[in-house]
Number of protein chains: 2
Amino acid sequence: MSSKPIKAPTMTDVARAAGVSPMTVSRAFKAGTNVHSETRRAIVAAADQLGYVMNSAAAGLSSQKTGFIAVTIPSINNANFADTVRGLTEGLRESRLQVLLAYTDYDVNEEEQLVRQLLARRPEAIMLTGGTHTEKCRYMLAHAGIPVIETWDDPVAPVDRVVGFSNAAAAAILVRHLASKGRRKIAFLGGDASRDTRGLDRRRGFIREMESLSLDPTRLVEAGTPPISMREGADALVRLMARWPDTEAVICVSDLAAFGALTECQRRGIPVPGQIAIAGFGAYEISEICVPPITTIDPHCRAIGQLTAKAVRCALGLEVPSKMPVRQLIEPALLLRASTGD
Amino acid sequence: MSSKPIKAPTMTDVARAAGVSPMTVSRAFKAGTNVHSETRRAIVAAADQLGYVMNSAAAGLSSQKTGFIAVTIPSINNANFADTVRGLTEGLRESRLQVLLAYTDYDVNEEEQLVRQLLARRPEAIMLTGGTHTEKCRYMLAHAGIPVIETWDDPVAPVDRVVGFSNAAAAAILVRHLASKGRRKIAFLGGDASRDTRGLDRRRGFIREMESLSLDPTRLVEAGTPPISMREGADALVRLMARWPDTEAVICVSDLAAFGALTECQRRGIPVPGQIAIAGFGAYEISEICVPPITTIDPHCRAIGQLTAKAVRCALGLEVPSKMPVRQLIEPALLLRASTGD
DNA sequence: TGTCTAAATGTTATCGATAACATGGTCAAT
DNA sequence: ATTGACCATGTTATCGATAACATTTAGACA
């Protein structure tokens with residue numbers, strides 16, 4: 001069936017079948033146009049009969065409106081980014097804009113390719129996860145002539161608009177909390193340095209805050225290539241305890257790594273939080289439901305998506321008043337759980 | 001910056017800047033064409049300088065090749081579908097095809113909308129998750145004139161090609177295994193009936209196999225609207241034990257629900273697998289790493305994606321020999337773990 | 001009745017690229 | 001010198017829709 005390339009019907013075909021001009025068909029498919037109800041009915045009938053599906057590439061070319069916004073996320077298998085996309089989709093539902101998704105695999109070079117491909121389809125705006133890009137990528141974005149929204153970060157030199165938070169500050173919150181509970185030998189468990197700039201920012205925030213509290217900031221364990229899996233979190237905990245057996249707390253780059261570390265403690269009979277406290281990042285469901293539940297940071301993923309939607313609407317003039325700060329920062333929340341003795 | 005709608009440069013702009021005709025620019029960007037190396041260099045330089053990005057809508061219109069395939073998945077936050085997409089992407093890397101992703105939220109009406117929007121962009125093939133669609137959706141797919149691949153299912157009346165497995169048979173495998181271990185009072189924990197047809201198929205397979213073993217197939221707990229969260233799995237376990245306190249095993253529609261149920265047992269001091277055995281579905285990482293690890297079914301997600309890629313290449317004649325069965329069934333694997341006493 | 005307005009529809013040009021064909025050069029073989 | 005093959009490039013028509021303008025018709029109102 002698929003092997004016969006029966007050419008898909010065009011608007012002209014529908015027009016002929018309905019006995020009108022192509023322009024009338026075009027209007028019939030667009031809301032808010034003056035087409036006689038009977039004519040419209042005949043056109044819709046003809047279209048259904050032919051199995052007609054509009055060619056939106058042609059429509060976009062002609063009208064210069066493609067009706068979608070592009071979104072890059074690091075991974076399609078991440079509850080945090082999924083929530084952000086959900087918030088974005090919700091916030092755009094009322095408008096005529098769809099979301100076109102692509103994932104970068106936590107790689108800025110992959111991102112550059114992707115951004116090129118996405119911009120080639122002429123989105124009306126683009127949302128990026130993170131504020132670190134290749135030079136070429138920044139240049140393309142800046143010259144695309146559309147609103148660009150960087151999220152999940154607080155970039156020093158934003159391309160355009162920002163909806164995010166400081167990953168470094170979020171890590172610092174955890175450090176301060178653990179220190180306030182009397183834990184002094186605190187480790188950071190994260191991915192290796194080449195990718196996942198948000199994870200790197202968290203590590204940077206960890207180091208800075210440890211220093212400012214006059215604590216040793218060198219207990220850093222590399223768990224592998226981001227995204228860090230639960231297994232990698234577990235393995236890294238083994239290395240951590242081998243090298244620094246007296247560690248009193250570990251801050252993990254994500255809840256998934258934290259959960260992996262927790263399970264390893266369970267397998268080894270290390271009491272949590274008795275001997276070691278564990279904290280994660282992201283407020284994933286697992287951190288709430290596991291036993292014991294894990295202290296974490298909630299970055300308000302969905303709100304990021306919703307605010308991004310608003311930023312897009314403002315930038316495109318779909319919202320009145322169309323004023324809104326170009327840089328929107330969200331305050332992450334600390335969720336205290338049993339894994340840190342709370 | 002984004003507020004000034006500086007029109008993006010076109011191929012004609014690049015041509016002018018490089019002192020050649022637009023056609024030469026077009027050729028310069030296409031591999032395997034004869035363009036003098038110096039000319040090409042000048043064109044690329046001009047394009048970079050202008051921040052030129054090709055308009056692939058126009059290119060697709062003209063060449064009748066859009067260079068992408070459409071993919072619908074139920075959710076962007078699911079490791080199983082993510083793995084399938086990854087396998088697909090890998091399998092398509094060598095070809096000129098990109099993947100365009102959209103998610104249905106486990107809703108066939110949403111899927112219909114989505115399929116219409118995707119077909120409107122004229123993909124060269126489309127992959128769907130599941131074999132259940134609205135009538136209109138099937139009609140559109142059948143008339144799109146492109147290869148259609150239904151996955152993650154074994155549909156009775158496929159639209160075109162299939163790469164999948166029987167969800168019912170997979171559930172039956174679990175039933176047989178638990179029965180063979182002497183468990184007779186087995187429950188099924190799944191989502192309510194209106195959505196997620198793959199989950200429904202698993203339940204159907206559970207009931208049929210229980211009946212054929214002369215066991216009571218009526219211990220069915222509804223955990224909420226798919227996708228079932230860990231929390232919903234935990235809550236459902238509470239209801240299950242309230243209603244049928246003597247239950248000896250529970251098969252969950254996914255590993256996430258199974259893990260939720262497991263944590264609830266831990267909170268309530270119910271021994272697993274001592275009092276109750278727990279099995280999941282999907283071979284998610286969590287089922288392997290949690291304590292105790294959970295018995296599950298591995299549907300070979302990535303292989304589904306890879307085979308789909310191959311099916312696409314065959315259907316489009318990119319592969320020699322371009323012969324391949326139209327219906328590819330994969331055998332899910334049973335992974336035995338401690339949660340069922342293995 | 002005549003004039004005006006709005007609704008309903010058609011006509012033409014255009015969006016940005018590429019296919020198909022046309023053209024002018026270079027170089028080797030005859 | 002002639003032929004032909006091939007390379008490099010230009011020209012024209014076209015993909016499928018829509019914007020902008022043109023036209024026709026029906027009804028409202030003076």
Go through the side-chain N and O atoms of A/E112 and A/H133 and say whether any donor and acceptor fall under 3.5 Å apart.
-> no
Between C/dA8 (C1') and A/H36 (NE2): distance, integer Å | 9 Å
Taking the side chain from [X] and the backbone from [Y], do they hold a donor-acceptor pair closer than 3.5 Å?
{"X": "A/T72", "Y": "A/A102", "answer": "no"}
{"X": "A/S56", "Y": "A/A59", "answer": "no"}
{"X": "A/T24", "Y": "A/V20", "answer": "no"}

Could you list by number each residue of residues 38-45 of chain A showing a heavy-atom separation from DNA chain D of less than 4.0 Å, or answer none if no residue does?
->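 Hits under 4.0 Å, by residue number: none.
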Should the pair B/R40 and B/F29 be classed as cation-pi, given the thresholds of under 6.0 Å to the six-membered ring centre and 45° from the axis?
->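 Verdict for B/F29: no cation-pi partner in B/R40.
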Less than 4.0 Å between a side-chain N and a carboxylate O, is that true for A/E150 and A/R327?
-> no
Could you tell me whether A/E94 and A/R313 make a salt bridge, using a distance below 4.0 angstrom between a side-chain N and a carboxylate O?
-> no
Using salt bridge (charged side-chain N to carboxylate O under 4.0 Å, His left out) as the criterion, list what pairs up with A/E110, not counting sequence neighbours.
->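 Scan of A/E110 (salt bridge (charged side-chain N to carboxylate O under 4.0 Å, His left out), adjacent residues dropped) gives none.
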How far does the helix from C/dT1-D/dA30 to C/dT30-D/dA1 bend, going by the axes of its first and last five pairs, to the nearest 10°?
-> 40°
Indicate for each nucleotide in nucleotides 14-29 of chain D, in 5' to 3' sequence, whether protein heavy atoms under 4.0 Å reach the base (B), only the sugar-phosphate (S), or nothing (-).
-> -BBBBBB---------
Set of side-chain hydrogen bond (donor to acceptor under 3.5 Å, both in side chains) partners for A/S95, sequence neighbours left out |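 For A/S95 there are no side-chain hydrogen bond (donor to acceptor under 3.5 Å, both in side chains) partners, ignoring immediate neighbours.
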Would you list the pairs meeting ring pair (Phe, Tyr, Trp, His ring centres under 6.0 Å) in which at least one residue belongs to residues 94-123 of chain A, sequence neighbours left out?
-> none
